[in-house]
Amino acid sequence: MASEGLLRIGELSRRTGVKPDLLRAWERRYSLLEPERSAGGFRLYPASSIDRVTAMQEQLARGFSAAEAARLAVLEGDAPTRSASIDSLVAELSDALEGYDEPLAQSVIDRMLSAFSVDAILRDALLPFLHELGLRWERGEVSVAQEHFASSVIRGRLLGLARGWGAGSGPVAILACPPGEEHDLGLLALGIVLHDRGWRVAYLGPDTPMETLAGAAARVSAKVIVLAAVNPKRFEAAAAALEHLAKRHQVAVAGPGASAAFAKRTGALLLTGGPVDEAERLTADRR
Ligand code: B12
């Protein structure tokens with residue numbers, strides 16, 4: 001330790017396993033680190049730099065470019081301020097959508113995208129907002145019109161983020177909702193974060209006939225088929241077809257309508273977490 005709470009570059013290098021040259025390069029090129037200078041001109045790093053460097057290594061391991069990894073690592077380190085401001089952006093978004101103000105809602109989402117990672121926006125802002133919207137609708141605090149308006153604007157943005165998700169050379173995930181199921185926002189979110197982790201996405205979306213899935217899966221050599229539904233009855237109605245499909249392909253079921261008992265009975269994998277966590281899991285299982 002150089003002085004109370006401050007580290008010299010050698011110490012930071014030992015603690016993180018990253019060579020001093022590389023630490024200096026990350027500092028110079030991407031402003032990952034913000035050292036003070038000792039009286040003698042040595043760099044002195046706050047202890048929080050260890051977390052930043054660790055976060056940078058994690059983002060690089062996920063396949064992000066060095067510039068993007070550094071941006072995400074810096075955002076991660078500022079977590080307390082971030083969560084405060086992501087909450088305030090969600091409040092602004094909610095007001096804009098309730099007032100049917102589409103341009104304002106888009107600009108709030110633009111601000112989210114410029115300040116936070118897509119993972120954080122989905123996990124901490126848009127998906128909880130949608131969930132809350134449903135509760136507020138149940139309590140009579142927002143009308144059906146406001147709920148439809150809000151979910152349409154958000155769906156449009158998710159589709160924008162999804163553009164090009166079929167590109168690349170990674171494994172293919174087919175994403176669909178079983179027949180009769182219209183709720184596809186969680187599924188869209190999963191596709192976006194899967195593509196960020198190197199997957200290609202073939203999106204079939206709401207209300208997909210079960211009999212069409214096997215042909216699609218064979219055609220694209222799907223690594224996994226993910227089916228999502230809010231209503232368990234949609235899964236029940238598709239159980240026989242799903243069980244058949246799961247004999248030939250890796251099938252996963254997700255969303256509030258999926259249960260452990262159903263997954264076990266049909267031979268599907270149950271995804272119990274949110275889209276970001278489950279994208280992580282599917283990606284880890286693939287390795
Ligand atoms: C937006 C919305 C709609 C939109 C859907 C637009 C679209 N393209 O998706 C529209 C207007 C079309 C709609 C229609 C209906 N809806 Co609606 N809708 C909602 C709302 C407000 C948000 C849903 C949403 O996207 N949430 C975001 C998801 C991702 O978050 P979540 O639900 O908390 O899910 C968590 C986990 O379960 C998991 N997860 C969820 N999905 C997925 C998917 C994957 C792949 C993974 C990995 C994880 C995952 O991640 C989340 C945590 O991060 C909910 C309210 C709510 N509480 O969810 C009602 C809600 C789901 N709808 C409901 C109802 C009743 C309906 C209608 C029957 C209304 C009607 N009378 O017409 C129809 C049914 C249409 C149909 N046939 O499917 C009820 C469902 C009740 C039930 N248990 O069955 C809800 C809960 C509202 C309520 N409080 O009553 N709806």
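Just so you know, these numbers use all the heavy atoms, side chains as well, and skip hydrogens, waters and symmetry mates. In each ligand, atom 1 is the first atom listed, and ligand 1 is the first ligand listed.
Taking a 4.0 Å cut-off on heavy atoms, L135 fails to register as neighbouring ligand 1. A heavy-atom separation below 4.0 Å is not found between R123 and ligand 1. Contact analysis puts G273 in contact with ligand 1, with a non-hydrogen atom separation below 4.0 angstrom.
The shortest side-chain heavy-atom distance between L12 and R15 does not fall under the 4.5 Å cut-off. When side chains are defined from C-beta on, E280 counts as touching R197, because their heavy atoms get closer than 4.5 Å. You'll find the side chain of S38 stays beyond 4.5 Å of the side chain of R43, heavy atoms only. Under the 4.5 Å side-chain criterion, counting only non-hydrogen atoms from C-beta, T272 is in contact with E278. The shortest distance between side-chain heavy atoms of L269 and L282 falls below 4.5 Å. L271 has its side chain within reach of V226: a pair of non-hydrogen atoms, C-beta onward, lies under 4.5 Å apart. Contact check for L126 versus L185: no side-chain heavy atoms found under the 4.5 Å cut-off. The shortest side-chain heavy-atom distance between D207 and E181 does not fall under the 4.5 Å cut-off.
Proximity of atom 22 (C) of ligand 1 to the protein is indicated by at least one non-hydrogen atom lying closer than 4.0 angstrom. Distance screen at 4.0 Å: atom 36 (C) of ligand 1 has no protein heavy-atom neighbour inside the cut-off. Inside a 4.0 Å radius of atom 48 (C) of ligand 1 there is at least one protein heavy atom. Remark: atom 45 (C) of ligand 1 lies closer than 4.0 Å to at least one protein heavy atom. The presence of a protein heavy atom under 4.0 Å from atom 86 (C) of ligand 1 is ruled out. By the definition of a contact as any protein heavy atom under 4.0 Å away, atom 33 (O) of ligand 1 is in contact. Note that atom 14 (C) of ligand 1 has protein non-hydrogen atoms nearby, at separations under 4.0 angstrom. Counting protein heavy atoms under 4.0 angstrom from atom 70 (C) of ligand 1 gives zero.
The residue from A279, A229, P275, S152 that puts a heavy atom closest to atom 51 (C) of ligand 1 is P275. Of the candidates G255, A254, G186, it is G255 that places a heavy atom closest to atom 39 (N) of ligand 1.
Near D184, the atoms of ligand 1 lying under 4.0 angstrom from a non-hydrogen atom of the residue are 7 (C), 8 (N), 9 (O). Listed by number with element, the atoms of ligand 1 under 4.0 Å from a non-hydrogen atom of R234 are 77 (N). Atom numbering of ligand 1 starts at 1 in the shown order; those under 4.0 Å from a heavy atom of L185 are 1 (C), 7 (C), 9 (O), 25 (O). Taking every heavy atom of L127 and a limit of under 4.0 angstrom, the matching atoms of ligand 1 come to 29 (C). Counting atoms of ligand 1 from 1 in the listed order, those under 4.0 Å from a heavy atom of R155 are 8 (N).
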*Checking salt bridge (charged side-chain N to carboxylate O under 4.0 Å, His left out) for the pair E92/R111: CA distance, chi angles, key distance, verdict?*
CA-CA 11 Å; E92 279 188 56; R111 277 157 57 206; 3.0 Å; yes
*Between R155 and D184, does a salt bridge (charged side-chain N to carboxylate O under 4.0 Å, His left out) hold up when you go through it step by step?*
CA-CA 9 Å; R155 189 165 191 277; D184 75 334; 2.6 Å; yes
*Apply salt bridge (charged side-chain N to carboxylate O under 4.0 Å, His left out) to D110 and R157, showing your working.*
CA-CA 10 Å; D110 287 342; R157 282 312 285 250; 2.8 Å; yes
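Closest protein heavy atom to atom 55 (C) of ligand 1: G134 CA, 3.3 Å. Among protein heavy atoms, the minimum distance from atom 53 (O) of ligand 1 is reached at G274 CA, 3.6 Å. Distance from atom 73 (C) of ligand 1 to its nearest protein heavy atom, with residue and atom name: H183 CE1, 4.3 Å. For atom 83 (N) of ligand 1, the nearest protein heavy atom (residue, atom name, distance) is V230 CG1, 4.2 Å. The shortest contact between atom 89 (N) of ligand 1 and any protein heavy atom is with E138 OE2, 2.5 Å. Nearest to atom 11 (C) of ligand 1 among the protein's heavy atoms is H148 CE1, 3.5 Å. Of the protein's heavy atoms, L130 CB, 3.8 Å lies nearest to atom 26 (N) of ligand 1. Considering only non-hydrogen protein atoms, atom 31 (P) of ligand 1 sits nearest to H131 ND1, 3.8 Å.
Both the backbone and the side chain of P256 come within contact range of ligand 1, each with a heavy atom under 4.0 Å. Residue-level proximity to ligand 1 for L190 is carried by the side chain, the only part with a heavy atom below 4.0 angstrom.
Distance alone, capped at 3.5 Å, places no donor-acceptor pair between the S13 side chain and the I9 backbone. Judged purely by atom type and a 3.5 angstrom limit, R200 uses its side chain to pair as donor or acceptor with the backbone of G170. T212 places no side-chain N or O within donor-acceptor distance of the main-chain N or O of P209, the cut-off being under 3.5 Å.
Remark: ligand 1 and S151 share no N or O pair separated by less than 3.5 Å (distance only, no angle test). Note: no N/O pair closer than 3.5 Å links N231 and ligand 1 by distance alone. Of the N or O atoms in E182, one or more lie within a sub-3.5 Å distance of an N or O in ligand 1.
Under the side-chain hydrogen bond (donor to acceptor under 3.5 Å, both in side chains) test applied with Y45, the options R8, E27, R52, E34 reduce to a single match, E27.
At a cut-off of 3.5 Å, with distance as the only test, no side-chain donor of Q146 or H148 sits close to an acceptor on the other residue.
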Contacts table for residues 234-254: side-chain donor-acceptor under 3.5 angstrom, sequence neighbours left out:
residue	atom	partner	partner atom	Å
R234	NE	G180	O	3.3
E236	OE1	R265	NH2	3.3
E236	OE2	R265	NH2	2.7

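Ring geometry, W165 versus Y203: the interplanar angle falls from 30° to 60°, so the pair is classed tilted.
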